[in-house]
Amino acid sequence: MKYNPQEIEGKWQKIWEERGSFHCENASDKPKYYCLEMFPYPSGKIHMGHVRNYSIADVVAHFKRMQGFNVLHPIGWDAFGLPAENAAIQHDTHPAKWTYANIDNMRAQLKRLGFSYDWRREIATCDPEYYRWEQLFFIKFLEKGLLYRKKAPQNWCPKCNTVLANEQVVEGLCWRCDSVVEQKELTQWFLRITDYAEELLADLDTLEKGWPERVIAMQRNWIGKSIGAEIRFAVEGGGASIPVFTTRQDTVFGASFMSIAAAHPLLDELIAGTENEQAVRDFARKILNTDKRELSADSLEKEGMFTGRYCLNPFTGERMPIWVANFVLAEYGSGAVMGVPAHDQRDFEFARKYGLPIRVVIQPDSMPPLDPASMNEAVPESGRMVNSGEFNGLDNEEGKIRIADRLEEQGLGKRTVNWRLRDWNVSRQRYWGAPIPVVYCDACGVVPEKEENLPVLLPLDVVTRKDGRSPLPDTPAFYECACPRCGGKARRETDTLDTFVESSWYFARYTDPNNSAAPFTPKALAYWMPVDQYIGGVEHAILHLLYARFFVKALRDFGYLEASEPFANLLTQGMVLMDGKKMSKSKGNTVDPTEMIARYGADTVRLFCLFAAPPERDFDWTESGIEGAFRFINRVWRLAAELIGKVPAQEPCSSTSEDASLPKARELRHKEHATVKKAGEDIAGKFQFNTAIAAVMELVNLAYLVKDELLGDEGGRKTLGSALSTTLCLLFPIAPHLCEELRQRMGSQSLMADRPWPVYSDSALAQDMMTIVLQVNGKLRSTLELSAGTDAEAIKAEALADANVRKHLEGLTIRKVVLVPGKLVNVVAN
RNA sequence: GCCCGAGUGAUGGAAUUGGUAGACAUACCGGACUUAAAAUCCGGAGGCCGUAAGGCUGUGCGGGUUCAAGUCCCGCCUUGGGCACCA
């Protein structure tokens, strides 16, 4: 009996499929459990990262199923997007053809791995039956005022030929191709994610139990709430005033100059007719032409130029020179900063460089009196207010409140909150995406498509352009249309939606994926949502996970569902590395899952991915590691092969204490039950598959050690049969084909896939002997083997009688004897 | 600068949340089987000293709390990640 993974894996995949073993229904008397992995982008082939991600999810799905849950475990394809479009152009084919071919290929690979998906629920986002609902949402967003068009400078990737959302710009570079992102003025569609900023932030508190801390921290950071005040500074000699956002209104008495961004809307008006108008204009242009990445670099030298104009400090009446400065961001706050050099490091450097006045207005209690002349850096710390008129002597936190009150009383400003989060630009200038369902009509303006006309189909009979630009603006058959309102001639929007829109609601579509009358039914959503366990890479910590959270809140407000959060629990799995580096084709350090499956079988590949490290951590792919996994699988196979025919086909944990009369049988039975407990706890509580597997390995190792002796005893054979059966059950979520095959060969009629998780018994866990550790002054000196019932006094007596303990107590006086029941005795002496 | 993590054998990693540090595996060494090798089965192993029994030492560094610290507290060092001239 030889282990042949290729043969048995194909066999069981077929049987499971025929029997619909992993199908699930939208109603059940079992409790529901929704287990979801981030769906793949159909790039062509599955890589090891996918295998790891889906192996983790599959263990969870199987385990929950075995524990009696109705488990939804679906899969689909994030099928629109630029890489497919580029690849198709490169290979002289159509993106649709390319994408569907990739899906076919990758689906076959996933099936070859034996994952327990309900394939009836498979979706592809490029299918009109999917994106039509997204177009419906677009119209609803528009109706609710959550979607608007705006002309503004946008992040533009020259290589991808499209705009990018803020979340898609990483340190000034395109997240996808690393090109330097440029600014380009365009009219674009924006989703008002900022309307939900407060809720997106607050609800992170509800995720604290289920999400990794760092993902929550990253989202908090990204949303970036700042509480402060807006203060208006009147411009001297003109009706205009400059609003400023500050979190430090308590320092307003120290504001000695004003700095504004080069793109500030008032700049032209301010400098018109002044003597250095041209110089300031040139300076501002220079800043605007510097790329964003350079401007945000740490090393940027602070530069500025005086505009020649002044504004007035509303609290001191002081004339504050207005400067244009290269460090002021036009898009944050109001694009202007009040300069308080004593208490802000940037302002300090700027004031020193240009000889602007520095005035201390906060004196920390812990510091000697501050003197601007001798300061060499700003002091942002808390303290007592000074040089601040009637506010002198107040704690500055109290001062923030009092100054804000004063601003509001006198109409000089108000309390405000500023967010780092920007609205989400969802327009893309590329072809392979969902069409935006609006038309532009000369008579009616911007008009949404009628619901009954959806979907607005993406035309497939176009020829993509070599330069990557969308063919849609050159396709009259697509853009020429009738206005849905007046019936007159109109032009259809030719931009498509950001593909992150598709991934913001796919988890909801899985609940009712074949519904052709609605995106989903409220009943199915109410039953399945939220996702109980979501599993994927941490690279989506902000992008996808933030958008999806926003979408669910918006859909909730449209009345579709009750949940406010899509994912109750999140597991971010680590990467599969090679030689400590990320696998990549260009570096040539990749491992092809298909090749590994061909060599070792799917069960071995799955086992290795789960055993190499805890799921959150990165791990290195190693040849010896996969060999080790293969060796263990074979070891289980050989154990079973030897026992089949000699031991009865037992159910797991079915041997009795009478069966286990031999000491080694008792030991094996104890281990069997202890392993059920340990493996169950490791998988359920902490997703520590590596230690769960280690525990099963221990059980297998023990079975090897005791089998020869137990085979000669009838009760021993039963004990072995039970232990083997248990081993297969525990291993089933990890290496399902192996376990089904061996269970069948043992003579069992039912399928592993229909079996519950084994249940251990406390009585089998009880030990008759216990090991007591003996310490003298906290150092290990000896151990004792005592029967479990030994009482405390007897244990102490035994401990003090131990030869090695007595040796170490020689010449010392015993001060205290500490006893930890069932564990140790520590004799304290000096 | 701010916010999260992480530092344990040659290696990946364990340690019931304060109670025998190094489970399990990889690599290594030894034994059995074999004409031989591979595979397999069994065994060894943190470091130093010792034939052994045993002793000393050991979880990034320095202090502390405790009968007892990888685990808790204080101060550092190194390192990974996120955000950032955000006013």
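In what follows, chains carry the letters A, B, and so on, assigned in the order in which the sequence lines appear, proteins first and then strands, with residues in each chain numbered from 1.
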Novice: Taking 4.0 Å as the cut-off, does a side-chain nitrogen or oxygen of Arg631(A) come that near to OP1 or OP2 on U26(B)?
Specialist: yes

Novice: When both hydrogen-bonding distances must be under 3.5 Å and the geometry is Watson-Crick or G-U wobble, what is A6(B) paired with, if anything?
Specialist: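 Checking every strand shown, A6(B) finds its partner in U78(B), with both distances under 3.5 Å.
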
Novice: If the glycosidic angle is within 90 degrees of 0 it's syn, otherwise anti, so just tell me which one G60(B) is.
Specialist: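 Anti.
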
Novice: Tell me whether the OP1 or OP2 atom of U11(B) has a side-chain N or O from Ser624(A) closer than 4.0 Å.
Specialist: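 For U11(B), OP1/OP2 do not have a side-chain N/O of Ser624(A) under 4.0 Å.
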
Novice: Considering only A21(B), C4(B), G19(B), which nucleotide approaches the side chain of Val820(A) most closely?
Specialist: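 When the side chain of Val820(A) is considered, G19(B) is the closest of A21(B), C4(B), G19(B).
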
Novice: Classify the nucleic acid contact of Ile693(A) as base, sugar-phosphate or nothing, counting any heavy atom under 4.0 Å across all strands shown.
Specialist: nothing

Novice: For Val827(A) and Gln688(A), take the nucleotide of RNA chain B holding the closest heavy atom to each; which residue's nucleotide lies nearer the 5' end?
Specialist: Gln688(A)

Novice: Considering every strand and a 4.0 Å limit on heavy-atom distances, what is the contact class for Thr771(A): base, sugar-phosphate, or nothing?
Specialist: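 The answer is base, as Thr771(A) lies within the cut-off (heavy atoms under 4.0 Å) of a base atom.
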
Novice: Compare all side-chain heavy atoms of Leu421(A) with those of Leu546(A) and state whether any distance is below 4.5 angstrom.
Specialist: yes

Novice: Asp347(A) or Asp620(A): which one's nearest nucleotide on RNA chain B is closer to the 5' end?
Specialist: Asp620(A)

Novice: Not counting sequence neighbours, which residues clear salt bridge (Lys or Arg N to Asp or Glu O under 4.0 Å) with Arg599(A)? List them please.
Specialist: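 If we apply the salt bridge (Lys or Arg N to Asp or Glu O under 4.0 Å) test to Arg599(A), skipping adjacent residues, the hits are Glu595(A), Glu623(A).
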
Novice: Starting at CG of Leu543(A) and ending at P of G82(B), how long is that distance when rounded to a whole Å?
Specialist: 12 Å

Novice: For nucleotides 50-52 of chain B, list the nitrogen or oxygen atoms of the protein found under 3.5 Å from its nitrogen or oxygen atoms, one pair per line.
Specialist:
none

Novice: With sugar-phosphate meaning primed atoms plus P, OP1 and OP2, does Tyr704(A) contact a base, only sugar-phosphate, or nothing at under 4.0 Å between heavy atoms?
Specialist: sugar-phosphate

Novice: At under 4.0 Å between heavy atoms, what does Asp682(A) touch on the DNA or RNA strands: base, sugar-phosphate, or nothing?
Specialist: nothing

Novice: With heavy atoms under 4.0 Å as the rule, sort Asn701(A) into base, sugar-phosphate or nothing.
Specialist: sugar-phosphate

Novice: Just to be sure I understand the rule, does Arg220(A) reach a base, reach only the sugar-phosphate, or reach nothing, if contact means heavy atoms closer than 4.0 Å?
Specialist: nothing

Novice: Any ion pair linking Glu318(A) and Arg359(A) (charged N to carboxylate O, less than 4.0 Å)?
Specialist: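 The answer is yes: the pair qualifies as a salt bridge.
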
Novice: With sequence neighbours left out, which residue pairs that include part of residues 675-695 of chain A fulfil the salt bridge (Lys or Arg N to Asp or Glu O under 4.0 Å) condition?
Specialist: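 Sorted pair list: Lys677(A)-Glu681(A), Lys678(A)-Asp682(A), Asp682(A)-Lys686(A).
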
Novice: Does the plane of the ring in Tyr354(A) sit parallel, tilted or perpendicular to the ring in Trp323(A)? Use 30° and 60° as the thresholds.
Specialist: tilted

Novice: Determine: side-chain N/O of His808(A) to OP1/OP2 of G54(B), distance under 4.0 Å, yes or no.
Specialist: no

Novice: Assess whether a salt bridge exists between Arg52(A) and Asp618(A), defined as any Lys/Arg side-chain N lying under 4.0 Å from an Asp/Glu carboxylate O.
Specialist: no

Novice: Show the nearest heavy-atom pair for residues Arg420(A) and Trp222(A), with the distance to one decimal.
Specialist: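 Closest pair (atom of Arg420(A), atom of Trp222(A), distance): NH2-CE3, 2.7 Å.
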
Novice: For a quick check of understanding: with a heavy-atom distance under 4.0 Å over all strands, which category does Pro212(A) fall into, base, sugar-phosphate or nothing?
Specialist: nothing

Novice: For a quick check of understanding: with a heavy-atom distance under 4.0 Å over all strands, which category does Asn326(A) fall into, base, sugar-phosphate or nothing?
Specialist: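 Here Asn326(A) touches no strand at all.
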
Novice: For the residue pair His343(A) and Val361(A), what are the closest heavy atoms and their distance?
Specialist: NE2-N, 3.0 Å

Novice: Would you please confirm or rule out a distance under 4.0 Å between OP1 or OP2 of A14(B) and any side-chain N or O of Asn690(A)?
Specialist: yes

Novice: Using purine N1 to pyrimidine N3 plus N6-O4 or O6-N4 for Watson-Crick, or N1-O2 and O6-N3 for G-U wobble, both under 3.5 Å, which nucleotide pairs with A52(B)?
Specialist: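 Checking every strand shown, A52(B) finds no partner, since no pair has both distances under 3.5 Å.
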
